[in-house]
Amino acid sequence: FFSNENNEPAHIHVQKGSGEGKIWLEPSFRLAWTIGFSRQEETAVLEIASANKELFLNKWYEYFGQ
(Lines give C-alpha, C1' and ligand atoms only; values in the text may rest on other atoms or scores of the structure.)
Protein backbone atom coordinates (compact mmCIF):
# COMPACT_ATOMS: atom_id res chain seq x y z
CA PHE A 1 0.00 0.00 0.00
CA PHE A 2 0.96 3.63 -0.28
CA SER A 3 1.10 5.88 2.78
CA ASN A 4 -1.33 8.44 1.34
CA GLU A 5 -4.15 5.92 0.78
CA ASN A 6 -5.65 5.65 4.25
CA ASN A 7 -8.89 7.21 2.98
CA GLU A 8 -9.59 4.04 0.98
CA PRO A 9 -10.59 0.60 2.27
CA ALA A 10 -7.72 -1.77 3.05
CA HIS A 11 -5.99 -2.95 -0.12
CA ILE A 12 -2.64 -3.92 -1.58
CA HIS A 13 -0.88 -3.09 -4.82
CA VAL A 14 0.94 -5.75 -6.82
CA GLN A 15 3.68 -5.34 -9.42
CA LYS A 16 5.55 -7.66 -11.75
CA GLY A 17 7.76 -6.28 -14.48
CA SER A 18 5.55 -3.83 -16.34
CA GLY A 19 2.38 -5.31 -14.83
CA GLU A 20 0.54 -3.83 -11.88
CA GLY A 21 -2.72 -4.19 -10.04
CA LYS A 22 -4.78 -3.57 -6.93
CA ILE A 23 -6.56 -6.02 -4.64
CA TRP A 24 -9.20 -4.96 -2.12
CA LEU A 25 -8.81 -6.70 1.24
CA GLU A 26 -11.99 -5.19 2.69
CA PRO A 27 -14.93 -4.88 2.76
CA SER A 28 -14.76 -7.95 0.49
CA PHE A 29 -11.65 -9.60 -0.87
CA ARG A 30 -11.53 -9.07 -4.64
CA LEU A 31 -9.41 -7.97 -7.53
CA ALA A 32 -9.88 -4.26 -8.23
CA TRP A 33 -7.83 -4.16 -11.45
CA THR A 34 -4.70 -5.36 -13.20
CA ILE A 35 -2.73 -4.29 -16.23
CA GLY A 36 -0.11 -6.48 -17.85
CA PHE A 37 -0.90 -9.74 -16.03
CA SER A 38 -2.05 -12.90 -17.78
CA ARG A 39 -5.14 -14.68 -16.45
CA GLN A 40 -2.87 -17.31 -14.86
CA GLU A 41 -0.79 -14.62 -13.16
CA GLU A 42 -3.95 -12.94 -11.83
CA THR A 43 -5.06 -16.27 -10.38
CA ALA A 44 -1.66 -16.84 -8.75
CA VAL A 45 -1.56 -13.32 -7.31
CA LEU A 46 -5.06 -13.71 -5.86
CA GLU A 47 -4.12 -17.05 -4.29
CA ILE A 48 -1.00 -15.55 -2.67
CA ALA A 49 -2.89 -12.48 -1.49
CA SER A 50 -5.71 -14.60 -0.09
CA ALA A 51 -3.27 -16.82 1.81
CA ASN A 52 -1.68 -13.71 3.33
CA LYS A 53 -4.80 -11.57 3.78
CA GLU A 54 -4.63 -11.48 7.58
CA LEU A 55 -0.96 -10.44 7.51
CA PHE A 56 -1.72 -7.66 5.03
CA LEU A 57 -4.69 -6.45 7.10
CA ASN A 58 -2.62 -6.48 10.29
CA LYS A 59 0.10 -4.42 8.60
CA TRP A 60 -2.47 -2.04 7.12
CA TYR A 61 -4.07 -1.32 10.51
CA GLU A 62 -0.69 -1.24 12.26
CA TYR A 63 0.51 1.41 9.79
CA PHE A 64 -2.64 3.51 9.60
CA GLY A 65 -3.59 3.03 13.25
CA GLN A 66 -7.19 2.08 12.66
Side-chain angles (χ1 to χ4, degrees):
F1 53 85
F2 300 112
S3 62
N4 66 340
E5 295 187 322
N6 63 323
N7 61 333
E8 294 185 28
H11 65 278
I12 58 170
H13 293 265
V14 295
Q15 290 185 304
K16 179 204 102 104
S18 62
E20 61 181 302
K22 185 175 189 176
I23 298 172
W24 296 111
L25 302 172
E26 292 183 335
S28 62
F29 181 85
R30 64 183 173 82
L31 183 64
W33 57 269
T34 63
I35 298 171
F37 284 90
S38 69
R39 194 62 82 181
Q40 293 83 8
E41 290 169 329
E42 284 181 5
T43 300
V45 165
L46 283 171
E47 287 174 2
I48 293 167
S50 178
N52 292 282
K53 179 183 172 187
E54 291 305 313
L55 171 66
F56 295 143
L57 283 171
N58 288 339
K59 293 299 180 182
W60 175 279
Y61 289 117
E62 179 181 302
Y63 185 82
F64 291 116
Q66 299 176 4

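Each residue takes its place number in the sequence, starting with 1.
Residues Glu20 and Trp33 are in side-chain contact: their nearest non-hydrogen atoms beyond the backbone lie under 4.5 Å apart.
To the nearest 0.5 Å, the span separating CG on Leu25 from CD on Glu54 amounts to 9.5 Å. Within the model, atoms CG of Leu57 and CZ of Phe29 stand 9.5 Å from one another, a figure rounded to the nearest 0.5 Å. Here Glu8 contributes atom CD and Trp60 contributes atom CH2; the two are 6.5 Å apart, rounded to the nearest 0.5 Å.
Contact detail for Ile48 and Asn52: the closest heavy-atom pair is O-ND2, 2.8 Å. Contact between Lys22 and Leu31 at its shortest, heavy atoms only, is O-CD1, 3.7 Å.
A continuous path of hydrophobic side-chain contacts links Ile23 to Phe56 [ILVMFWY only; heavy atoms under 4.5 Å]. Cluster annotation: Phe1 is connected to Tyr61 through the hydrophobic network of ILVMFWY side chains, with a link wherever side-chain heavy atoms come within less than 4.5 Å.
For the residue pair Glu5/His13, the side-chain donor-acceptor check at 3.5 Å is satisfied.
Not one N or O on the side chain of Thr34 forms a donor-acceptor pair closer than 3.5 Å with the backbone of Phe37. The backbone N or O of Ser38 lies less than 3.5 Å from a partner atom in the side chain of Glu41, making a donor-acceptor pair.
Between His11 and Trp24, the ring planes lie perpendicular to each other; the angle is over 60°, past the 30° to 60° tilted range.
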